[in-house]
There are 2 protein chains.
Amino acid sequence: MALGKDYASQECSIARALEVVGERWTLLVVRDAIYGVRRYNDFLVHLGIPRAVLSDRLRTLTEQGILEKRRYQETPPRDEYVVTERGTALWPALRALSQWGREHADAGRLRSFRHADCGGEVGPYGTCADCGTAVPVADVVMVPGPELDTSPQDPVSRALSRPKRLLEPLETGPARLAD
Amino acid sequence: MALGKDYASQECSIARALEVVGERWTLLVVRDAIYGVRRYNDFLVHLGIPRAVLSDRLRTLTEQGILEKRRYQETPPRDEYVVTERGTALWPALRALSQWGREHADAGRLRSFRHADCGGEVGPYGTCADCGTAVPVADVVMVPGPELDTSPQDPVSRALSRPKRLLEPLETGPARLAD
DNA sequence: CGAATGGGTTCAGTGAACGAACCGACAGTG
DNA sequence: CACTGTCGGTTCGTTCACTGAACCCATTCG
């Protein structure tokens, strides 16, 4: 961890996890990656994070095998950051934090998560309220709630204010004019 | 959050949660509180955290209603910090982080969590592997694993290296000589 | 009396985060 | 060909949180 020292004295898997993803912004970058954000500029405008910090987090997460840097076009060379299996394994932790935030930090219903197969809501333990199965990340659909701002400025927030299956790449629209 | 700015631009319950518990050390303080640590000095020696930071975290967590400051003796005046319902509600997130740390950050089995009623292991979704029920925090027993240091120096680590039910106060032994 | 304990506060030094500026490669426009 | 814009960064000065050590006060033990 970057802040001065790590949690070396802690014999604890929570501390080990926080050494990897406990820095400021890191979990939000992973969250965005699971939501389908892949490009440097999309992370930048959506998070409002300083460029130097974003570069550092993307590099660290890539080194840790949580993201994978992938060239998606050659001229000009452009890379995207795709979340790996190791990264999607953080989804239960993020979902639990999201749940806690909803119930204990703002009380708003900004987004909800639903099971793609049957439409049931994903409950506090990650299982579908309707069919009871433990829903894998790829089968989760993020649905905007009533308290989510309906007219955000940046294209990334706009793309994330529509229902969207997790892990699928984000279509930010005005990226390549040829579309 | 304390580092320069908060995550104000983020319309996201994960960001709201991280504003409250996302600072360095904060989640480890909550973890210790759930493990049964209650006293300033016990947090101090177990976490190896600077005093000023610990004071700040305890004050902030108390203001947020995650811990409750409670006077347990009058002469001399002594307070303890007890985790509230709002604090124990963070357990699913901590358990998920712990799970990720075990599988993706160190591969060691430092501790495991078991269902007090039937002894079954608490699985990745917080349910008991044996009887299938979603195990509430108070019914979780923390069991030291094979890779945990068996002879730690400080009394808090020693108390936590024996099987122990979560939320129950820690007995650190040489605290009050009259016992 | 002197030493130890519990629960802090204060302070100087360091290092990370912040924001703004800059940069290089390329693409499209006039 | 020059101009403008986009993408993915790096560099740099300032600010601010974390760190470790020292200090403090009330009380209690020997």
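Quick caveat, the model's predicted, so the values are computed rather than measured. Just so we're on the same page: letters track the sequence lines, and every chain starts at 1. Just so you know, these numbers use all the heavy atoms, side chains as well, and skip hydrogens, waters and symmetry mates.
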| Say you draw a straight line from CZ of A/R31 to CG of A/L94; how long is it, rounded to the nearest 0.5 Å? |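 Reported value, rounded in 0.5 Å steps: 9.0 Å.
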
Rounded distance (Å) that lies between atom [atom2] of [N] and atom [atom1] of [X]:
| X | N | atom1 | atom2 | result |
| --- | --- | --- | --- | --- |
| A/Q73 | C/dC26 | CD | P | 11 Å |
| A/D56 | D/dT11 | CG | P | 13 Å |
| B/L44 | D/dA21 | CG | C1' | 13 Å |
| B/E80 | C/dT5 | CD | P | 20 Å |
| B/Y40 | D/dC24 | OH | P | 17 Å |
| A/L58 | D/dG8 | CG | P | 10 Å |
| B/F43 | C/dG8 | CZ | P | 11 Å |
| A/I49 | C/dC18 | CD1 | C1' | 11 Å |

Phosphate-side-chain proximity, [X] and [N], N/O vs OP1/OP2 below 4.0 Å:
| X | N | value |
| --- | --- | --- |
| B/W25 | D/dA17 | no |
| B/K69 | C/dG7 | no |
| B/S55 | C/dT9 | yes |
| A/R51 | D/dC7 | no |
| B/Y81 | C/dG6 | no |
| A/Y72 | D/dG8 | yes |
| A/R57 | C/dA17 | yes |

| Which residues, ordered by chain and number, are linked to A/V141 in its hydrophobic cluster, where ILVMFWY side chains connect at heavy-atom gaps below 4.5 Å, directly or through other members? |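 Members alongside A/V141: A/V143.
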
| request: For A/D79, answer base if it contacts any base atom (sugar-phosphate contacts may also be present), sugar-phosphate if it contacts only those atoms, and nothing otherwise; contact means non-hydrogen atoms under 4.0 Å. | output: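 The answer is sugar-phosphate, as A/D79 gets under 4.0 Å only of primed atoms, P, OP1 or OP2.
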
| query | Base, sugar-phosphate, or nothing: which does A/V53 touch, judged by heavy atoms less than 4.0 Å apart? | reply |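 Counting heavy atoms under 4.0 Å across all strands, the contact made by A/V53 is with sugar-phosphate only.
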
Donor-acceptor side-chain pairing of [X] and [Y] below 3.5 angstrom:
| X | Y | answer |
| --- | --- | --- |
| B/D139 | B/H115 | no |
| B/D154 | B/H46 | no |
| A/R51 | A/S55 | no |

Could you please name the option among [options] that lies closest to any side-chain atom of [X]?
| X | options | value |
| --- | --- | --- |
| B/A52 | C/dG19, C/dG6, D/dG20 | D/dG20 |
| B/R39 | D/dG8, C/dC18, C/dG7 | C/dG7 |
| A/R24 | D/dT28, C/dA17, C/dG6 | C/dA17 |
| B/N41 | D/dT28, D/dC7, C/dG7 | C/dG7 |
| A/E23 | D/dC18, C/dA17, D/dG9 | C/dA17 |

| field | Angle between terminal axes - the helix from C/dC1-D/dG30 to C/dG30-D/dC1, 5 pairs each end, rounded to 10° | value |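 Axis angle across the helix from C/dC1-D/dG30 to C/dG30-D/dC1, nearest 10°: 10°.
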
| request: Between A/P50 and B/R78, just flag the one whose closest nucleotide in DNA chain C comes earlier from the 5' side. | output: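 Result of the comparison: B/R78.
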
| message | When you measure from the centre of the six-membered ring of A/Y7, is the NZ or CZ of B/R24 closer than 6.0 Å and no more than 45° off the axis? | response |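 That pair qualifies as a cation-pi contact.
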
| field | Carboxylate-amine/guanidinium contact B/E168 B/K164, below 4.0 Å | value |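 No.
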
For residues 125-132 of chain A, run the donor-acceptor check on the side chains, cut-off 3.5 Å, and write out each pair with its distance to 0.1 Å, sequence neighbours left out.
none

